[in-house]
Number of protein chains: 2
Amino acid sequence: MSITSKDIARICGVSRGTVDRALNNKPRINPKTKEKILRVARELNYRPDLVARSLAKGETMSIGVVVFDIRNRYFAQLVNAIETEAKKYGYLLNITLQGKDPEMELRLIDNLVARRVDGLIICPVNKGDAFEKYLKNLTIPLIVIGNMVSHDIPFIGIDEYRASRDAVKLISSKKYKNIVFVCPPLKDREKENIYSHEERLKGFIDELKERKGIRYEVVDSWDYLNEVDRLLSRSDEKTALYCSGDTFALEIMKHLRKRNVEIPNQVGIMGFDGIDILDYITPRLATIYNPVETIGIKAVENLIRLIKGESIEKQLFIEYKVMEGESV
Amino acid sequence: MSITSKDIARICGVSRGTVDRALNNKPRINPKTKEKILRVARELNYRPDLVARSLAKGETMSIGVVVFDIRNRYFAQLVNAIETEAKKYGYLLNITLQGKDPEMELRLIDNLVARRVDGLIICPVNKGDAFEKYLKNLTIPLIVIGNMVSHDIPFIGIDEYRASRDAVKLISSKKYKNIVFVCPPLKDREKENIYSHEERLKGFIDELKERKGIRYEVVDSWDYLNEVDRLLSRSDEKTALYCSGDTFALEIMKHLRKRNVEIPNQVGIMGFDGIDILDYITPRLATIYNPVETIGIKAVENLIRLIKGESIEKQLFIEYKVMEGESV
DNA sequence: TTGAAAGCGCTAACAG
DNA sequence: CTGTTAGCGCTTTCAA
C-alpha cells in the first residue's frame with residue numbers, strides 16, 4: 001500500500017484538512033506547519049490518489065476520444081494533436097477505437113461516460129435521429145469531428161462541400177474531358193455515417209453540373225481498382241480520377257504503376273486529406289489539405305470551454321488548402 | 001446528477017448490498033428481488049460510476065501507455081494493436097506522448113501511476129541506473145517495449161542485433177563494395193535511450209568485420225542527406241545505404257530522386273521496421289519487418305498476467321522477417 | 001437471503 | 001489558523 005494523506009496527517013500531528021491545505025496551496029494555513037507537511041510529504045514520496053480525488057471533486061481530468069482506427073494516417077495525426085494539446089491543460093486521453101463498428105462505438109461511449117471522463121471527442125460512425133438523441137442525452141460535453149451528426153451538436157471540420165468544388169475546379173482547369181469520383185465509402189451509406197464523403201460527392205456533382213463538356217461519373221465500390229481498369233480501357237478521352245481520400249488515390253497509383261500507366265500523362269489523379277506520407281510519393285499527389293492538427297487543437301479548446309461551462313460556436317469550419325501537386 | 005445504486009436501493013426498498021448483488025451477478029440473492037432490481041435499474045438507465053468502483057476495488061481497468069509520438073508510423077501501429085487487444089479484456093488505454101523528452105516521460109509516468117492505472121506499457125527515452133531504479137520502485141506492473149532498460153525489467157521486442165546482421169547479410173549478397181550505416185539517432189546516444197539503434201549498429205559492425213573486402217562506415221548525423229551526397233560523390237564503388245529506420249530510407253529516396261540517382265542501379269538502400277506505408281513506395285524498399293502488431297498484443301497479454309500476479313518471461317523476443325524488396 | 005456498517009482516499013463546509 | 005464532520009458512489013464483510 002502506498003502512503004496516504006491520512007498517514008501524513010498522523011505523522012505531522014495535524015488533521016487531514018490541514019494536510020489538504022498544505023498540499024494544494026490553499027489559504028489559511030500557518031507557513032511553518034505547511035512547510036513541515038510539505039517536507040514530510042516529499043520525504044515519504046507521497047503521491048495523491050487521483051482516483052479518490054476524482055470521486056471527491058467530480059472531475060477526472062480525462063478526455064475520452066473515439067475514432068475509427070489510428071493506423072489510418074488521418075486519425076493518427078488527429079489523436080496526436082489532441083493529446084499534445086490536452087496535456088497542456090492537464091488532461092490525459094482515454095482513447096478508444098471503434099473500427100467502424102456502430103455497436104462498438106455506442107459501447108465505448110457508454111464506457112467512457114461511466115468512467116466519468118470530463119468530455120468526449122468523437123468522429124462517429126453512427127448517424128440518424130436516434131443517435132443524435134442519444135448524444136444529446138449524455139451528461140457530459142461532446143465535440144464531433146469530421147462526420148457531422150446534426151447542426152445541434154458541436155462540430156469541427158472543414159467545409160467539405162466547398163473543398164470538393166475547389167478540387168473539381170483544379171482538375172477542370174487541366175482540360176480533362178472525363179472526371180471520375182472514386183468514393184468506396186458511398187457503398188456503406190446505409191449503415192454508416194459518411195457525412196464527409198457525401199458532402200464531397202455533392203460538391204463534385206454541383207460543380208460539374210455548372211460546367212459543360214465534361215463527362216463525369218461516380219465509382220462507389222470497394223472493388224474500385226477493377227472499376228478503374230474498366231473505365232480506363234473503355235475510353236480514350238483524357239480522364240482524371242478524383243478520389244475521396246488519399247489512400248484510395250495511393251492504391252490506384254500503385255495499381256497503375258504495375259500497368260505502366262503514366263501519371264498524369266495518361267491519367268490524372270487527385271486525392272483528399274493531405275496525409276503526411278504524401279511527402280514520400282512520386283509524382284506528388286494533388287489533394288485537399290485537411291488541417292487535421294488545427295482541428296484537433298480546436299476540438300480540445302472548445303471541449304474545455306464546454307467543460308468550464310462557457311459557450312462555443314456550434315459549427316466551426318477550419319480553412320483547408322488546395323494542393324496542386326503533379327498528378328493532375 | 002445521475003442515478004446511483006443508493007437511489008435504486010431506496011426505490012426497491014432494499015439495501016445497497018442487495019442492489020450490488022443483483023447488479024453484479026453475485027450469489028445469495030432471491031431471484032425475484034434480483035429481477036426487480038434489474039428491471040428498475042434498466043428503467044432508470046442506471047450506469048455504475050466506474051470512478052467510485054475503482055476507488056473501492058483498487059483497480060481501474062486502465063492501462064497507461066507512454067510512447068514517443070503517434071505520427072510515427074511505428075507507434076501508431078503499436079498503439080492500435082495495444083488498444084484493440086486491451087479492449088478484449090475490458091481495459092481502456094490512457095495514452096500519453098513524451099516526444100522524446102526525458103523529463104516529460106517521468107512526469108507522464110508519475111501522472112499515470114497517480115491515476116492508478118493497473119499497469120504500464122512504455123517505450124522509454126530515459127535510460128541508465130537511476131531510471132532503472134525508478135521503474136523498479138513503481139508500485140504497478142510494467143512492460144518495456146523496444147528500448148530495453150535492463151535485463152531485470154520485463155521487455156518485449158525483436159533481437160535487433162541478429163536482425164541487423166541479417167540485413168547486412170542481405171546487402172552483402174548483392175555484391176556491394178561499400179556499406180554505409182545511416183543512423184542519426186546515434187547522435188543522441190548521450191541523452192537518450194537508443195538501445196535498438198545501438199544494437200543495430202553492433203550487428204552491422206560485427207557482421208562486416210567477419211566479411212573481407214567490404215568497406216563500411218557510419219553516418220550518425222541528423223544532417224544525413226548532405227552526408228549522403230558527400231559520400232556518393234566521393235566514391236565510385238558500388239555503395240549501399242543501410243538505414244536504421246524506414247523513415248530515414250524514405251527521406252533519402254526522396255532526396256536521391258530529385259538528383260535523378262537510380263535505385264538500386266546506382267545506389268542500394270535498405271531500411272528497418274517495415275512500416276505499412278512502404279506498400280505505396282516504388283521501388284519496394286528492402287527492410288527488416290518488425291512485427292509491431294504482435295509486439296503490442298504480447299505486451300498486453302504479459303501485462304495482464306503481471307496484473308493478475310502471474311509470472312512471465314523477463315525477455316520476450318518476437319520473430320522479425322527480412323524483406324528483400326527491390327531497392328538493394 | 002438480506003441489512004448494516006465500514007472503508008477506499010480525497011475534498012469541502014463549517015465550527016472553533 | 002486548525003480540527004471535525006460529512007460525503008463522493010461503490011464494494012465488502014459480518015451479522016442477522
Side-chain angles (χ1 to χ4, degrees), chain A residues 1-38 40-41 44-62 90 110-111 113-118 139-140, chain B residues 1-38 40-41 44-62 90 110-111 113-118 139-140:
Chain A
M1 273 334 296
S2 48
I3 166 155
T4 74
S5 72
K6 202 164 153 188
D7 298 326
I8 304 210
R10 190 170 29 77
I11 292 166
C12 294
V14 298
S15 75
R16 285 146 65 50
T18 306
V19 172
D20 183 47
R21 282 184 271 264
L23 260 25
N24 296 307
N25 275 316
K26 290 184 180 167
R28 297 181 305 151
I29 182 172
N30 185 320
K32 291 196 67 167
T33 50
K34 176 169 182 174
E35 194 191 341
K36 177 175 181 192
I37 292 170
L38 289 178
V40 170
L44 298 181
N45 196 29
Y46 167 76
R47 305 276 169 204
D49 182 324
L50 265 27
V51 174
R53 176 180 291 171
S54 292
L55 182 60
K57 304 203 8 162
E59 70 174 17
T60 54
M61 298 306 282
S62 335
D110 272 347
N111 191 283
V113 171
R115 282 165 186 261
R116 298 293 184 263
V117 295
D118 294 337
T139 47
I140 56 175
Chain B
M1 272 333 297
S2 47
I3 165 154
T4 73
S5 71
K6 203 166 153 186
D7 299 326
I8 303 208
R10 190 172 28 78
I11 293 167
C12 294
V14 297
S15 74
R16 286 146 61 51
T18 305
V19 172
D20 183 50
R21 282 184 272 263
L23 260 25
N24 296 306
N25 273 316
K26 289 183 180 167
R28 295 182 303 149
I29 183 173
N30 185 319
K32 290 196 71 166
T33 50
K34 175 167 181 175
E35 195 191 340
K36 177 174 182 192
I37 292 171
L38 289 179
V40 171
L44 298 181
N45 197 27
Y46 167 76
R47 305 275 168 203
D49 182 325
L50 265 25
V51 173
R53 176 180 291 173
S54 292
L55 182 61
K57 303 199 15 160
E59 70 173 16
T60 54
M61 297 307 282
S62 347
D110 272 348
N111 192 285
V113 171
R115 282 163 184 261
R116 298 295 184 263
V117 295
D118 294 337
T139 48
I140 56 175

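Order of the sequence lines fixes the chain letters, A, B, ..., with proteins taken first and strands second; residue numbering starts at 1 for each chain.
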DNA chain D nearest-nucleotide lookup for A52(A) and I29(A): closer to the 5′ end is I29(A)
Tell me whether the side-chain N or O atoms of R116(A) pair up with the base of dG9(D) as donor and acceptor below 3.5 Å, since no angle test is needed here.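 Answer is no: no donor-acceptor pair is held.
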What I want to check is whether an N or O donor and acceptor connect the side chain of R21(B) with the base of dG3(C) at under 3.5 Å. yes
CZ of R53(A) versus C1' of dG9(D): gap in Å, rounded?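 So the CZ-C1' distance, R53(A) to dG9(D), works out to 19 Å.
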Atom CD of E59(A) to atom P of dG9(C): distance rounded to whole Å?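 Those two atoms, CD and P, are 20 Å apart.
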[X] side-chain proximity, nearest of [options]:
X	options	result
R16(B)	dT4(D), dC10(D), dC10(C)	dC10(D)
K6(B)	dC8(D), dG9(D), dC10(C)	dC8(D)
N30(B)	dT1(C), dG9(C), dT11(D)	dT1(C)
D20(B)	dC10(C), dA15(D), dT12(D)	dT12(D)

N or O in side chain of T33(B) less than 4.0 angstrom from dT2(C) OP1/OP2: yes
Applying a 4.0 Å non-hydrogen cut-off, can you work out what L55(A) is touching in the nucleic acid: base, sugar-phosphate, or nothing?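 Base contact.
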Among D49(B), L44(B), V40(B), N45(B), exactly one meets side chain to side chain contact (heavy atoms under 4.5 Å, CB included) together with I3(B). Which residue is that? L44(B)
